[in-house]
Structures are given as structure tokens and as C-alpha cells.
Asker: 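What follows is a single structure, and I will ask about it in a moment.
Position 1 is the first residue of the sequence; numbering continues from there. Everything quoted here is computed from the prediction, not taken from an experiment.
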Amino acid sequence: MTGADGAAPHDPTTRDAAETARVETLPAVPGLGGLYVRGLAASGRLAAAHRLPGGSGRAELALPDVAYRVAAVPTGDAARPGAVGSAAHLARYDELVGEPPSDVLPAGYLHVLAFPLATAVMVRTDFPLPLLGMVHLANSVSVLRAVRLGDTLEVRAWAQDLRPHRRGVQVDLVTEVAVERTDDERAAGSGLAATTLAYRGVSTYLAKGFSLPDASAPRDGDAATGSDTFVPPLPTGRWSLGAGTGRAYAAVSGDRNPIHTSALGAKAFGFPRAIAHGMYTASRALAEAGPRRGAAYDWTVSFAKPVLLPSTVDVALRPAGDVDAGVRDAVGRVAPAVRDGAGDPSAGLVYQAWDGKGRLHLAGRVTARP
């Protein structure tokens, strides 16, 4: 999956696929390594079909009517030492992205934990779009309650809202993390639900060259990130990203896509050098918000120009009230993952990151939830 090209907003009238999808329970969160091997094979098959006579990309496209579920996902001492969910692994992640040491799993870490399950949906044989070459356009997360080391989790993932884009077709991959009741709570008959939703993430991807048979004018806006009118503000920080940044994040996240870890792999997809993971840069921006984001928060990001490695990136994190209306409108095109109106975007934080030539890499906002 590569850099970005302007996301179309999710249609608020679209029902979540999870409401009607068949739920398949897996024994554990799968490893990304094996999933990428399956994704490579599936991408080759889809590319070959795309090149056949009549395979112009306007074939009927339908998403799999399934939601994957994994229950009893351990964290803290119950997790395998050094594995995702363990205290040691969380500490490595926090140090890498600049989060302060804590027993709380930040939103970027919950993305790392749930991302393999979303990838498992994308490598199914009935998923209509190729994993390789998929462009990550935007991400939206709502954290409804803190998740801490020691919590036992349930993770779900599904695909929804296949829709047109001016350069292809885009789709949302949704992940949810819920906290399961403790044994003591069950024994006490607390009346609590079996699980409590803590995190919801919506990742929007673009598959170039595909189209929908009944597609009308795409719903996306060319200025989804505001990159066309971007003027660099006064920076509040600067990131010096070394050539090994992609490999370091890959080691923690498990996302070893070669465009992030190898110059040769990046060149195969048209980049002169390896590029940083989008969620690494977004997580760095989230860490900049620090305690101002609160325990529960909405976090959005739109990706513009990929970050080539090595690179120096300037970043500005400002109160939403201190930025002009055009910037607020641009970042506001990515809606919160949970649309209950709980957060006040006008009281949140807006961030932008750009290169030495003033070209925007990413932009988004962080809004505390009451």
C-alpha cells in the first residue's frame, strides 16, 4: 500500500457492513507475513484478469459479506513476551513514535494490533481489489475509552462502502477493538455487556484503474488534504527521519511492505527511495498532541505527498481556533469514525506536516471526546 491521492468522504447514509455481515471467528490475529504472501498471489490473479479482453476494470465489484472476529486477545502479562500487546512491545512502539511511557495503548498502537485482521479481509479470494499497489488515502479513529495493558480484547474487521474515485475505486476497511469483561466482573454479575467498544478505525484505500459499472461523478474532492492551497505555517516541531525509519516501524508493526523497507521495493512502485509508513507519520503527529487529546478522542488524517526516506519533516500542531477556515474545512472532510457528535472539532487540535519545499505530507485533527 502506497501514499495518497485525495479521499472521498464516507457516505453517512451507508449502513455498516457489520450490521448484516456473516461473522467468522478466527482463533487468533493472523501474522502479516503470511497475509502478504497471500496478497501477492491474489494481486497477481486480479491483475491478470484485469488485462484480459473485457477486463477493463468495469466488471461487477462486490465486497465479501463477512466480518472477521478474534476473541480473548491478551495484553500485558497474558500476552506472549515481546509480542504485540505485551508491555515490552508497547514500550518499543511508544519510544519509536514519541509517545510517553504508559500502560495505555494509544490509538496508533491499537491500529497496529487490529491491522492484520483487516488485511486478512483484503487477501480473501472474494475481495475484488488487489492488496499490492493499494493507496492509503485517509484514516479516522475514535477512541471511546482507554485500553490498558492487562485488558482482554475482542477485535473485529470488515470492508464496506465501495465507491468511485477520480482515479479508480476506493473502499473502507473498518476495525473495532472492544474490552471484554473480567472474570471478577462476570462472577459478580455486574450486568455489564460482554464487551465494551473502545476503539473504531476506518482506513480508506484506493485501487487505481478500477471502476464501478454504475459509477457517476466521483464523490471525492481534489483538495481532501488541502494540499492544492497549502501554505506552510510556523512549525512547532521538526522530525529527522533516517533511512532506516521504515525498517524500524516495520519491526514494531509487522508491516514489512517493501516500499517502506527497501529502495528496490520502492522503485518497483515508482518511488525513488523507500517511503515512510503513513501510519508512522500520523502516529508521530498524534503523539505531539500529548495529554491535550484526553483519554477518549477522535483522530483523523489525510495523506498527501509520501515521505521519502531519509527526510526532514516540519510539523505544526495548533488549536483549531487558531487556523483559518480553509484548513479546518480541509481536515474536516475526514469524518470521525464514530459519528455521535461527541467531540467539538472547533475545540480540537489541527496538525499539518510538510517537506523542505513546502509540500504537504499529511494533515488531520485530534479532538477530545467528553
Asker: Closer than 3.5 angstrom, by distance alone: can the side chain of S142 be matched with the main-chain N or O of V338 as a donor-acceptor pair?
Answerer: yes
Asker: Of all heavy-atom pairs between G242 and L309, which one has the smallest distance, and what is that distance?
Answerer: O-CD2, 3.8 Å
Asker: Strictly below 4.0 Å, N to O, side chains only: are D298 and R369 in salt-bridge contact?
Answerer: yes
Asker: Please check if any side-chain donor atom of Y205 sits under 3.5 Å from a side-chain acceptor atom of D172, or the reverse.
Answerer: no
Asker: Where do L197 and V177 come nearest, in terms of heavy atoms and distance?
Answerer: CD1-O, 3.8 Å
Asker: About how many Å separate CZ of R359 and NZ of K305, when rounded to the nearest 0.5 Å?
Answerer: 4.0 Å
Asker: Kindly compute the distance separating OG1 (T195) from CZ (R181), expressed to the nearest 0.5 Å.
Answerer: 9.5 Å
Asker: Considering only heavy atoms from C-beta outward, does the side chain of I259 approach that of R273 to under 4.5 Å?
Answerer: no
Asker: List the atom of L117, the atom of V155, and the distance in Å for their closest heavy-atom pair.
Answerer: CD2-O, 3.5 Å
Asker: Does some side-chain heavy atom of F210 sit less than 4.5 Å from a side-chain heavy atom of P164?
Answerer: no
Asker: Taking the side chain as every heavy atom from C-beta outward, state whether L61 and L162 have any pair of such atoms under 4.5 Å apart.
Answerer: yes
Asker: Any side-chain to backbone donor/acceptor pair from R200 onto A337? Under 3.5 Å, distance only.
Answerer: yes
Asker: Return the CZ to CG distance between R148 and L90, rounded to the nearest 0.5 Å.
Answerer: 11.5 Å
Asker: Provide the closest heavy-atom pair for S140 versus P336 in the form atom of the first, atom of the second, distance.
Answerer: OG-C, 3.2 Å
Asker: So, does H277 use its side chain to make a donor-acceptor pair with the main chain of D255 at under 3.5 Å?
Answerer: yes
Asker: So, are E24 and R124 salt-bridged, with charged N and O less than 4.0 Å apart?
Answerer: yes
Asker: Is the backbone of A107 close enough, under 3.5 Å, to the side chain of Y297 for a donor and an acceptor to pair up by distance?
Answerer: yes
Asker: State whether the side chain of N257 and the backbone N or O of H260 hold a donor-acceptor pair below 3.5 Å, judged by distance alone.
Answerer: no
Asker: Testing T281, T204, L360 one by one against F303 for a side-chain contact (heavy atoms from CB on, under 4.5 Å), which residue passes?
Answerer: T281
Asker: Could you verify whether a donor N or O on one side chain and an acceptor N or O on the other, from Y280 and S253, lie under 3.5 Å apart?
Answerer: no
Asker: Just verifying a value: how many Å separate S311 OG and W239 CH2, rounded to the nearest 0.5 Å?
Answerer: 10.5 Å
Asker: Closer than 3.5 angstrom, by distance alone: can the side chain of R293 be matched with the main-chain N or O of L286 as a donor-acceptor pair?
Answerer: yes
Asker: Considering only heavy atoms from C-beta outward, does the side chain of V70 approach that of T25 to under 4.5 Å?
Answerer: no
Asker: For H89 together with Y109, are the ring centres under 6.0 Å from each other?
Answerer: yes
Asker: Between E176 and R156, is there a salt bridge with N-O shorter than 4.0 Å?
Answerer: no
Asker: Between Q170 and L137, is there a side-chain heavy-atom distance shorter than 4.5 Å?
Answerer: yes
Asker: Hey, are T261 and R247 close enough side-chain-wise for a donor-acceptor pair under 3.5 Å?
Answerer: no
Asker: Ring centroid separation for W158 and Y68, is it under 6.0 angstrom?
Answerer: no
Asker: Are L212 and L63 joined in one hydrophobic group, where the rule is that I, L, V, M, F, W and Y side chains link up if heavy atoms are under 4.5 Å apart?
Answerer: yes
Asker: Please report, to 0.1 Å, the donor-acceptor pairs under 3.5 Å made by any side chain of residues 315-331, with sequence neighbours excluded.
Answerer:
residue, atom, partner, partner atom, Å
R318, NH2, Q352, OE1, 2.7
D324, OD1, G326, N, 3.0
D324, OD1, V327, N, 2.9
R328, NH1, A320, O, 3.4
R328, NH1, V323, O, 2.5

Asker: Report yes or no: do F269 and L308 belong to one cluster of Ile/Leu/Val/Met/Phe/Trp/Tyr joined by side chain heavy-atom distances under 4.5 Å?
Answerer: yes
Asker: Are N139 and M279 close enough, and set up right, to give a side chain to side chain contact (heavy atoms under 4.5 Å, CB included), and what steps lead you there?
Answerer: CA-CA 8 Å; N139 224 70; M279 289 306 294; 3.7 Å; yes
Asker: May I ask you to test the L144-Y199 pair for a side-chain heavy-atom distance under 4.5 Å?
Answerer: no
Asker: Can you measure from CH2 (W354) to CG (L362) and round to the nearest 0.5 angstrom?
Answerer: 10.5 Å
Asker: For the pair V179 and D151, evaluate side chain to side chain contact (heavy atoms under 4.5 Å, CB included) and give the outcome as yes or no after the intermediate values.
Answerer: CA-CA 6 Å; V179 177; D151 287 338; 4.0 Å; yes
Asker: Would you say V121 and L26 are hydrophobically clustered, going by side-chain heavy atoms of ILVMFWY under 4.5 Å?
Answerer: yes
Asker: Between P106 and W299, is there a side-chain heavy-atom distance shorter than 4.5 Å?
Answerer: no
Asker: Should V202 and D161 be marked as a side chain to side chain contact (heavy atoms under 4.5 Å, CB included) after you check the CA-CA gap, both sets of side-chain angles, and the distance that decides it?
Answerer: CA-CA 11 Å; V202 180; D161 199 13; over 6 Å; no
Asker: Is there a path from V23 to V174 through hydrophobic residues (I, L, V, M, F, W, Y) whose side chains come within less than 4.5 Å of each other?
Answerer: no
Asker: Return the minimal non-hydrogen interatomic distance between V334 and S302, and the atom names on each side.
Answerer: CG2-OG, 3.1 Å
Asker: Hydrophobic clustering (ILVMFWY, side-chain heavy atoms < 4.5 Å, transitive) - are V147 and L149 grouped together?
Answerer: yes
Asker: Do side-chain atoms of T119 reach the backbone of F115 as a donor and acceptor pair under 3.5 angstrom?
Answerer: yes
Asker: In Å, rounded to the nearest 0.5 Å, how long is the span from CD of E288 to OG of S283?
Answerer: 12.0 Å
Asker: Of all heavy-atom pairs between S203 and H111, which one has the smallest distance, and what is that distance?
Answerer: OG-CE1, 3.9 Å
Asker: For residues T312 and R238, determine if any side-chain heavy atom of one lies less than 4.5 Å from a side-chain heavy atom of the other.
Answerer: yes
Asker: Under a 3.5 Å distance rule, please check whether H136 uses its side chain to pair with a backbone N or O of A138 as donor and acceptor.
Answerer: yes
Asker: Could you walk me through whether L40 and L131 satisfy the side chain to side chain contact (heavy atoms under 4.5 Å, CB included) test, starting with their C-alpha distance in whole Å, then the side-chain angles of each, then the deciding distance to 0.1 Å, before giving a yes or no?
Answerer: CA-CA 7 Å; L40 176 62; L131 178 68; over 6 Å; no
